[in-house]
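What follows is a set of notes on a single structure, which appears directly below.
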Amino acid sequence: MLPVLVFTPGEPAGIGPDLAVMIAQRQWPAAIVVCADAHLLQQRARELNVDLAIEYYDGTRPQQPSPAGTLLVEHLPVAEPVTAGQLNVANGHYVVDTLARASKGNLNGEFDAIVTGPVHKGIINDAGIAFSGHTEFFANLANKNDVVMMLATAGLRVALVTTHIPLAYVNKAITPERLTQILRILHHDLCHKFGENNPRILVCGLNPHAGENGHLGREEIDVIQPVLEQLRNEGMDLQGPLPADTVFQPKYLEGAAAVVAMYHDQGLPVLKYKGFGNAVNITLGLPFIRTSVDHGTALDMAATGQANPGSCLLAINTAIDMVRASHNE
Ligand SMILES: NC(=O)c1ccc[n+]([C@@H]2O[C@H](COP(=O)([O-])OP(=O)(O)OC[C@H]3O[C@@H](n4cnc5c(N)ncnc54)[C@H](O)[C@@H]3O)[C@@H](O)[C@H]2O)c1
Ligand SMILES: N[C@H](C(=O)O)[C@H](O)COP(=O)(O)O
């Protein structure tokens, strides 16, 4: 089968449109529909001095891989003209519209997976739309309370218990129910989507030194340990709660399928230090396949020709692999 992916370039003033232009330079073993403003993409191609042909997407026809140099585009218009590097609140709704269109096409089976470029969370909120990230946005559209944000690079996967919330709310958000769900989804998908057999999962504590037996915080004793014990009894290979400052050593990571961090900046700095530009963000627990770049809008890089497409290419290749795996190819 030919995977049909939808790619959302995200923030129009950032490097997302550059990434779309770069995607078009290759021949892919998939049809890739770019959900964006076609004129913006042509404008960005001109700014990058790259030839780009646009073909308009027609969902009623069978899809084919586009030849190199051509982008298949589901055209959604920006509200106002785009200047690379300059955020414009008037285009906040456009970004969310592209995500909603792509998500709808995944939920109804039109597309096999969604690959997202970077959005600017701040400007979307400035436009009056409450938005904390793609992960939460897609979870909401799919009516899922708990999904898992997992970033992966060669030799390391990091999954998060909490995602885009203020640090002040993190401890309250780490409930037994949430932690149990995150670990169940992660364990299931490591087995069924990533080919791991009885995966070992390393679970960080929340507090310094995993709470130092309750002297530096009680979440490890009150929440994390009981959940791990219960899930171990169900057969999961879980280690922890482990001090987050020392768990990222080869001797612990060797043989481990993933590390679970309690919050965003406990785990992602390590992952991005190891693999920025060569990492992929995968949402687990959605009713469709979703991968994404590991970086943000990089406004300073837009239309300069300096944006590194590595993570975007990995996100597309990962989505293609996941689609094929889901069809047992
Ligand atoms: N996938 C996403 O949608 C996503 C991911 C992370 C951050 N963001 C958002 O992006 C916005 C900007 O965030 P930030 O400044 O913290 O992070 P950023 O990733 O946009 O930029 C951090 C630094 O890395 C550089 N950089 C990033 N991607 C690059 C690439 N592909 N090639 C070369 N250099 C690159 C930038 O130039 C900058 O110096 C924020 O609104 C943030 O929420 C979105
Ligand atoms: N937390 C992600 C990162 O640091 O790369 C990023 O903000 C994107 O998250 P979403 O895929 O939920 O937008």
Side-chain angles (χ1 to χ4, degrees), residues 19 29 113 115-118 133-135 147-163 179 182-206 209-210 224 228 231-232 236-286 289-296 298 307-326 329:
L19 298 175
V115 181
T116 57
H134 294 92
T135 307
V147 298
V148 180
M149 182 188 295
M150 182 177 85
L151 273 78
T153 191
L156 182 63
R157 297 186 187 109
V158 174
L160 306 182
V161 177
T162 59
T163 55
L179 181 57
I182 296 295
L183 288 169
R184 282 196 203 285
I185 293 169
L186 177 64
H187 183 269
H188 175 274
D189 281 13
L190 287 171
C191 295
H192 296 282
K193 297 185 179 165
F194 297 93
E196 296 282 350
N197 186 18
N198 192 24
R200 174 173 304 157
I201 299 173
L202 309 181
V203 182
C204 296
L206 172 66
H209 309 297
I224 303 173
L228 299 191
L231 294 177
R232 278 188 201 115
M236 288 191 205
D237 182 357
L238 303 173
Q239 289 191 359
L242 297 163
D245 63 341
T246 51
V247 70
F248 292 97
Q249 299 183 57
K251 70 175 182 181
Y252 295 119
L253 297 179
E254 212 167 279
V259 178
V260 172
M262 290 293 138
Y263 59 95
H264 191 278
D265 286 2
Q266 184 181 54
L268 295 192
V270 183
L271 188 291
K272 293 192 182 186
Y273 181 68
K274 183 172 172 60
F276 192 57
N278 287 303
V280 54
N281 177 353
I282 307 165
T283 314
L284 311 178
L286 286 172
I289 294 165
R290 182 263 169 158
T291 67
S292 185
V293 295
D294 67 359
H295 55 78
N308 175 2
S311 175
C312 185
L313 303 179
L314 180 62
I316 293 173
N317 280 317
T318 303
I320 292 171
D321 289 347
M322 291 178 75
V323 172
R324 290 203 171 126
S326 72
E329 284 183 21

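Nothing fancy with the numbering, it's 1 onward along the sequence.
- Side-chain atoms of V247 and Q239, non-hydrogen and from C-beta on, never get closer than 4.5 Å to each other.
- Listed for the K272 side chain is a donor-acceptor partner under 3.5 Å among the backbone atoms of D294.
- Within the 4.5 Å cutoff, the side chain of L160 has no heavy atoms near those of the Q266 side chain.
- Here the OG1 atom belonging to T318 is positioned 10.5 Å from the CG atom belonging to L313, to the nearest 0.5 angstrom.
- Side-chain contact check for L183 versus V203: some heavy-atom pair is nearer than 4.5 Å.
- The two atoms that bring T116 and R290 nearest to each other are OG1-NH2, 2.7 Å, heavy atoms only.
- Looking at every heavy atom in both residues, A315 comes nearest to V280 through CA-CG2, 3.7 Å.
- Remark: H295 engages no residue in a ring pair (Phe, Tyr, Trp, His ring centres under 6.0 Å) (not counting sequence neighbours).
- For the pair K274/F248, no side-chain contact is recorded, criterion being any heavy-atom separation below 4.5 Å from C-beta on.
- Within the 4.5 Å cutoff, the side chain of P29 has heavy atoms near those of the R324 side chain.
- No side-chain heavy atom of C204 sits less than 4.5 Å from a side-chain heavy atom of V161.
- Distance check, rounded to the nearest 0.5 Å: CG of D237 to CG of L202 gives 8.5 Å.
- Looking at T283 and H134, their side chains never come closer than 4.5 Å, going by heavy atoms from C-beta outward.
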Taking it one step at a time, do L206 and Y263 satisfy side chain to side chain contact (heavy atoms under 4.5 Å, CB included)? CA-CA 8 Å; L206 172 66; Y263 59 95; 3.8 Å; yes
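- Separation of atoms CE (M322) and CD1 (I289) is listed at 5.0 Å; rounding is to 0.5 Å.
- A donor atom on one side chain and an acceptor atom on the other are not found under 3.5 Å apart for S292 and N281.
- Of the possible donor and acceptor atoms, one in the side chain of T162 sits under 3.5 Å from a partner among the backbone N and O of M262.
- Between the CZ atom in R184 and the CG atom in L179 there is a gap of 10.5 Å [rounded to 0.5 Å].
- One finds the CG atom of L231 at 6.0 Å from the CG atom of L238 (value rounded to the nearest 0.5 Å).
- Atom CD1 of I282 sits about 4.0 Å away from atom CE of M150, to the nearest 0.5 Å.
- Dense packing is recorded around CD of Q249, with more than 12 heavy atoms of other residues, nucleotides or ligands lying under 6.0 Å away.
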Where do T291 and N317 land on the side chain to side chain contact (heavy atoms under 4.5 Å, CB included) test, with the steps shown first? CA-CA 9 Å; T291 67; N317 280 317; over 6 Å; no
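- Between A319 and V115 the shortest heavy-atom distance is CB-CG2, 3.7 Å.
- Closest of all the heavy-atom pairs between A257 and P199 is CB-CB, 3.6 Å.
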The test is side chain to side chain contact (heavy atoms under 4.5 Å, CB included); show your working for H209 and D245 and say whether it passes. CA-CA 8 Å; H209 309 297; D245 63 341; 3.7 Å; yes
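- The minimum heavy-atom distance between N308 and G277, with the atom names listed, is ND2-CA, 4.1 Å.
- Proximity of R157 to L186: side-chain heavy atoms (C-beta onward) are nowhere separated by under 4.5 Å.
- Remark: side-chain polar atoms of S311 are paired, donor with acceptor, to backbone N or O of A279 under 3.5 angstrom.
- Scanning both residues, P241 and I224, for their nearest heavy atoms gives CB-CG2, 3.8 Å.
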